[in-house]
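Here the structure is laid out as structure tokens; the discussion comes afterwards.
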2 protein chains.
Amino acid sequence: MVKPERGPRERMVFSAAQLIRRDGVEATGMRDVAAHAGAPRGSLQHYFPGGKEQLVAEALRWAGRYAADRVARFLAAMERPTPSGLFAAMVGQWTDEYRTSGFAGGCPVAAATVDRAQSSETAREAAADAFAAWTRPVADALTGMGVPAARSEPLATLMIGALEGAIVIARAERDVRALTTVARELGPLLDAAATEA
Amino acid sequence: MVKPERGPRERMVFSAAQLIRRDGVEATGMRDVAAHAGAPRGSLQHYFPGGKEQLVAEALRWAGRYAADRVARFLAAMERPTPSGLFAAMVGQWTDEYRTSGFAGGCPVAAATVDRAQSSETAREAAADAFAAWTRPVADALTGMGVPAARSEPLATLMIGALEGAIVIARAERDVRALTTVARELGPLLDAAATEA
DNA sequence: CCCTCGTTATGACAGCTGTCATAGTAGCCC
DNA sequence: GGGCTACTATGACAGCTGTCATAACGAGGG
């Protein structure tokens, strides 16, 4: 998650996602977002007339697209893609971050769901859309690897669910143990689904 | 999660857990907790001189014990316990709640991790302890069902991780799909680990 | 030069937060 | 009754929140 040099609007959306995944939605203030993005405070009401609601929703949309792009990139980097290999890459992104940069942040979509699912319908919908945008390419990839069509989406949900849960546990424990565990335990199951056809 | 008729102190701890799992730690105010518990506001500083930090930590301890007790009760209710049966019971608790009471709340431990892992060391530790208190009886149960000792704890972590992730997804989607999916997909894997011995 | 429009600047607003100081009450033991 | 302890009540505090009103800037076109 490196900050690209885009316009101030895009930087604020990115910064919002960054801060949300660190501190949660509620603890992330609009003034913090502008400061983190190096954007003027006055631009907030100009670019996001819908207020925090809109900013959070756009941050989640961004996160969903980002996750989907990562999946595509993982697949492109593997010469002989396997379900376990894809899952290992998805998990590896998090173990790498935690090992090199510490356990400061989690998944922004999960954070928004925990903080806002009950209090903001638009945030909840945006989170659901983000999960859907993430699940789709994973499921498609599984199908492409020989997983029966009927099981691709369930298995993709299992992968993302196990990853999300492991992220939470790892962050609480400040240990990547949970992440490496789910990757190791789930790998054979995923590969088996691709070969039984 | 039915409210027992205990003293005001215990009621406040319980109410804190209840509100945290609904709205997150940050959005849960001390005044809200007292009101929800039907306890006087003045009792907060009397019972919890450590402030919100202490209240949150105790709520997480309570949640960890509660989860562990539920596992023990699930096991006691099964005449021939199997790993998949235990997992189905754990997931079933959530599908039942969501189907009958709506998707208002998630797991308080996950909520605290998302909101406070970075900002409060004691809350983070309390969350890690809660996960540990929950994992232990699950792993012990797996061992008792014939799962090799070396795989019991990893599989318990996988179960709890997948459940936590599915809770988040289900709450975002307002659909139990993710929960039923992980229970169905993971069941055979768990039972296989118990019989290969 | 002036006018316009996308952007920014600034200050204010009510509302809420956790925390604290202080006082008050109820009950029990001596 | 006096004194002690456990608990409750209440009001205040500074600090922060999201939002808004208002004004100023700055470049580009007429």
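Within every chain, numbering begins at 1; the chains are lettered A, B, ... in the order of the sequence lines, protein sequences first and strands thereafter. Since this is a predicted model, take the numbers as computed values, not measurements.
- At dT7(C), none of the side-chain N or O atoms of S43(A) fall inside 4.0 Å of OP1 or OP2 (strictly under the cut-off).
- With respect to the salt-bridge test (charged N to carboxylate O, under 4.0 angstrom), the residues E121(A) and R124(A) qualify.
- If you take CD of E53(B) and P of dG18(C), they are 12 Å apart, rounded to a whole angstrom.
- Atom C1' of nucleotide dT8(C) and atom CD of Q45(A) are separated by 10 Å, given to the nearest angstrom.
- Atoms CZ (R41(A)) and P (dA21(D)) sit 15 Å apart, rounded to a whole Å.
- As rounded to whole Å, 9 Å separates atom C1' of dT8(C) from atom OH of Y47(A).
- Ion pairing between a basic and an acidic side chain is recognised when a charged N comes within 4.0 Å of a carboxylate O; R21(B) and E97(B) show such pairing.
- The minimum heavy-atom distance linking Q118(A) with R22(B) is given by the pair CB-O, 3.7 Å.
- Of the residues near DNA chain D, P8(B) and G50(A), the one whose nearest nucleotide (by heavy atom distance) lies more toward the 5' end is P8(B).
- Across the protein-nucleic acid pair, I20(A) atom CD1 and dG18(D) atom P stand 11 Å apart, rounded to whole Å.
- Scanning atom types as modelled, one donor and one acceptor separated by under 3.5 angstrom connect the side chain of R31(B) and the base of dT19(C).
- The CE-C1' distance, from M12(B) to dG18(C), rounds to 15 Å in whole Å.
- Atom NE2 in H46(B) sits roughly 15 Å away from atom C1' in dA21(C) (whole-Å rounding).
- Comparing K52(B) and A39(A) by the nucleotide of DNA chain C whose heavy atom lies nearest to each, the residue mapping closer to the 5' end is A39(A).
- Atom CE of M30(A) is separated from atom C1' of dT10(C) by 18 Å (rounded to the nearest Å).
- In the hydrophobic clustering of this structure, Y98(A) does not group with V114(B); members are Ile, Leu, Val, Met, Phe, Trp, Tyr whose side-chain heavy atoms approach within less than 4.5 Å, directly or through other members.
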